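The structure appears right after this line, and notes come after that.
Treat the numbers as computed from the prediction; the structure is a model and nothing was measured.
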Amino acid sequence: MNIRNIIPALGLLVATAAFNSCDDYFDTDPKNIINEEDYIAEENEMYKGFLGIFNRMQEAADQAIFLTDTRGPLLETTDNAPTNLKAIYNYDETDGNPYADPTCYYAVIVACNDYFAKMEAYHRNVGGMTEIAEQNFPALVSSAMRIKAWAYLMLGKIYGEAYWFDDPLTEKKDLNDASVFTHCNMKELADRAIALLENGMTIDGIHVAGDLDVSWYKWIDEEEQDASLYRYWEFLVPPALVLNAEFRSWRASYVDEASAQADWQWIRNNLLQFMYDYLTGTNERAANLLTNADLQGTSDIYQLNKKMQSDNYGAYQNIFYSDRVGLMTQLLCGVMYDYDNNQRNRIVQYFCPEYPDAESYYLRPSDYGVDLYNESDIRGFTQGWTMRNLAGQRCVSKYYYGYNFTTRAYEYLNNEDIFKIEPTIPLFRSHDLHFLLAEAETHLGNFENAYWILNQGLSTRFPDKKVPTDDPTWDYRYNPWVEASSGGYGNLGIAGTAAGTIHDLPRPSDDDWSTYTEDQLKEMYDWAIADENLKEYMAEGKSYSYMCKIAERYANSAYRNGSQEKARDSVAVRLAPKYSASGRAQRVESAIKSQGYFIHWQLNGISSAQAGNQSVE
């Protein structure tokens, strides 16, 4: 991405948060957008302004799906697809293509920076707030900090670079002003984002940590105080832990081995502790889930095992089957929509061949992608959980068509009005923790751990339901993974829980184990994890970037004896075969080898109109 001439008009984005009443949550009617001068004048506007930031997330959430999944192995464009989308699919030049425009992510960042400035001014001038507002003030700021970090994560993952800025941009600023804008590669973005998440920021003399959560139900439902009615609000903002771990896993690709080891150790320790707290019910959020569960099945500790271990088919199905509350069996964070309040994404429109506008069916599973799954894999076409035939055409169905556990039948989320289905777009779910943990264990040299997490799970490895205490690689915090309630599945692993193909990787018990170097093993495991990631996150805007992260790790000649050519070859060999049937395989392979795998874009400037209403159809 060439962004030398970025944002001379970025200041026009300020003061665009959409303010909403509690009754019409997420309403994005332009009439509710107010001017900078009266941005925060009353206490409620602290909350409404934050929801305006979330509105920017809504506008950005499906961007990565259409921009990156089209280039991955699993999707192809239909004849109906617009020329610009076909150009993305075919690895044509992306600069100037509206699907590649990063404006939506910068709009999120501008809204967050402006929110910080206005919150500081309000807190300084108001002279006192109610008790609940004083409690939620730092939590609102903390939530906006994490959303800003998420926007930079997306920019780095997709474009490989971005401009960092903290200025609220109340006026136009020259991009060359180094006191405002800092051009960052992915490693530098990770450094800054991790510092923000760990150090927080100071607002009017108040230190705000990066991991605070808003008590939404106390504000919205002050009289009833019923947290169960507002559970899904808890999933609006990315968790600090997962953001931090994601950035660290990227940063480890660009640093020396000692620095990388520190990041991998952080990821392992913190993810294991987080999951241990969930599985033992000692985490506050876990306790709320146990008390106020609206999940399928029982609300006991095993229900949490299903959530965090991703090992129950019914729970897995529900990731996508409900457009809101039903997601909570697996969801860590997602962007939600409400059709009745004019909130839209393009998921069903692009993926459903029975959508009322038949000409808008743009993307479908590729032949090559379908063949990546074995016939028993619940994510594959044969099983019909995520892909199936509708209207005589093969399609990605997981967002809008699935098994209803009440009616015992497959059906649309809304059988009468398909166009009203506005699926939640998952940003992070339980599987992310397992992929990151497998990656960390790999780079800490704990290959046995990584093997079972990726493949058949710890319950298969330890059928006696006890992790050995005499092996230092098996931390005691793995114990709850295998201590499932009677009749439960236990931990089946990433591939195992989907009945997917087990990865044939060297293990310490193999006779030829000593013939491999540790570096060779790490690279083999990394690419196996990336291959499984491609199958797990079909049409979620994540797997292509995960593959890029692994490629970057082995493009690094300074620390891992890698080469750019080798890294690009590793990507091309996974993607070019999809294009064989159309005769474009060699052309795509050549494009990847010459241009790389990141999206290119020269961002000359954006306006408030572009930020508030993306022009791509």
Original post:
Quick one: does F447's side chain get under 4.5 Å of Y451's, heavy atoms only?
Top reply: no

Original post:
Which heavy atom in N113 sits nearest to a heavy atom in D167, and how many Å separate them?
Top reply: ND2-O, 3.4 Å

Original post:
Is there a side-chain contact between F116 and P168 (heavy atoms, below 4.5 Å)?
Top reply: no

**OP:** Please determine if R56 and E59 form a salt bridge, counting it only when a charged side-chain N lies under 4.0 Å from a carboxylate O.
**Re:** yes

**OP:** Answer yes if the ring centres of F181 and F165 are under 6.0 angstrom apart, and no otherwise.
**Re:** yes

**OP:** Starting from the C-alpha separation in whole Å, work towards a yes-or-no answer on ring-ring contact (aromatic ring centres under 6.0 Å, His included) for Y476 and Y276.
**Re:** CA-CA 9 Å; Y476 76 93; Y276 181 83; 5.6 Å; yes

Original post:
For L331 and F235, which heavy atoms make the closest approach, and how far apart are they?
Top reply: O-CE2, 3.1 Å

Original post:
Are M336 and Q343 close enough that some pair of their side-chain heavy atoms sits under 4.5 Å apart?
Top reply: no

Original post:
By side chain to side chain donor-acceptor pair (under 3.5 Å), which residues pair with W164, not counting sequence neighbours?
Top reply: D166

Original post:
Between E536 and R429, does at least one N-O distance fall below 4.0 Å, as a salt bridge requires?
Top reply: yes

Subject >> Side-chain donor-acceptor pair present, N97, T94, cut-off under 3.5 Å >> reply: no

Original post:
Between A551 and A567, which heavy-atom pair has the shortest distance, and what is it?
Top reply: O-CB, 3.2 Å

Original post:
Which pair of heavy atoms, one from S249 and one from K549, lies closest together, and at what distance?
Top reply: OG-NZ, 2.9 Å

Pairs of donor and acceptor atoms involving the side chains of residues 133-141, under 3.5 Å and at least two apart or interchain, shall be tabulated with distances.
residue : atom : partner : partner atom : Å
N136    : OD1  : S215    : N            : 3.3

Original post:
Do the ring planes of Y537 and F435 sit parallel (below 30°), tilted (30 to 60°) or perpendicular (above 60°)?
Top reply: tilted

**OP:** Please confirm whether K522 makes a cation-pi placement over Y525, using NZ or CZ under 6.0 Å from the six-membered ring centre and within 45° of the ring normal.
**Re:** no

Original post:
Looking at side-chain heavy atoms only, is the closest gap between T473 and L444 below 4.5 Å?
Top reply: no

Original post:
More than 12 foreign heavy atoms under 6.0 Å from CD of E188: is that the case here?
Top reply: yes

Subject >> Nearest heavy atoms of L433 and L271, plus distance in Å >> reply: O-CD1, 3.6 Å

**OP:** Taking only Lys NZ, Arg NE, NH1 and NH2, and the carboxylate oxygens of Asp or Glu, determine whether K535 and D531 approach each other closer than 4.0 Å.
**Re:** no

Subject >> Residue pair Y597 / M547, side-chain heavy-atom distance below 4.5 Å >> reply: no

Original post:
Between S179 and D177, is any side-chain donor less than 3.5 angstrom from a side-chain acceptor?
Top reply: yes

Subject >> Verdict with supporting geometry, D211 and R146, salt bridge (Lys or Arg N to Asp or Glu O under 4.0 Å) >> reply: CA-CA 8 Å; D211 59 353; R146 299 200 296 280; over 6 Å; no

Original post:
Hey, would you say the W216 and F50 ring centroids sit under 6.0 Å apart?
Top reply: yes

**OP:** Please confirm whether W481 and Y478 have ring centers closer than 6.0 angstrom.
**Re:** yes

Original post:
Nearest heavy-atom pair of S253 and N556: which atoms, and what distance?
Top reply: O-ND2, 3.1 Å

Original post:
In terms of heavy-atom contacts, does CG of N561 have more than 12 from other residues, nucleotides or ligands at under 6.0 Å?
Top reply: no

Subject >> Donor + acceptor pair across side chains of Q265, Q261 (<3.5 Å) >> reply: no

Subject >> Close side-chain approach of Y106 to L155, heavy-atom, < 4.5 Å >> reply: yes

Original post:
With T68, which residues qualify under side chain to side chain donor-acceptor pair (under 3.5 Å), at least two apart?
Top reply: none

Subject >> Y544 and F598 aromatic centres sub-6.0 Å >> reply: no

**OP:** Check whether any side-chain heavy atom of I529 lies under 4.5 Å from a side-chain heavy atom of E532, and answer yes or no.
**Re:** no

Original post:
Under 4.5 Å between any side-chain heavy atoms of P423 and N345, yes or no?
Top reply: yes

Original post:
Out of curiosity, T442 OG1 to M524 CE, how far, rounded to the nearest 0.5 Å?
Top reply: 11.5 Å

Original post:
Do NZ/NE/NH1/NH2 and the carboxylate oxygens of R553 and E523 come within less than 4.0 Å?
Top reply: no

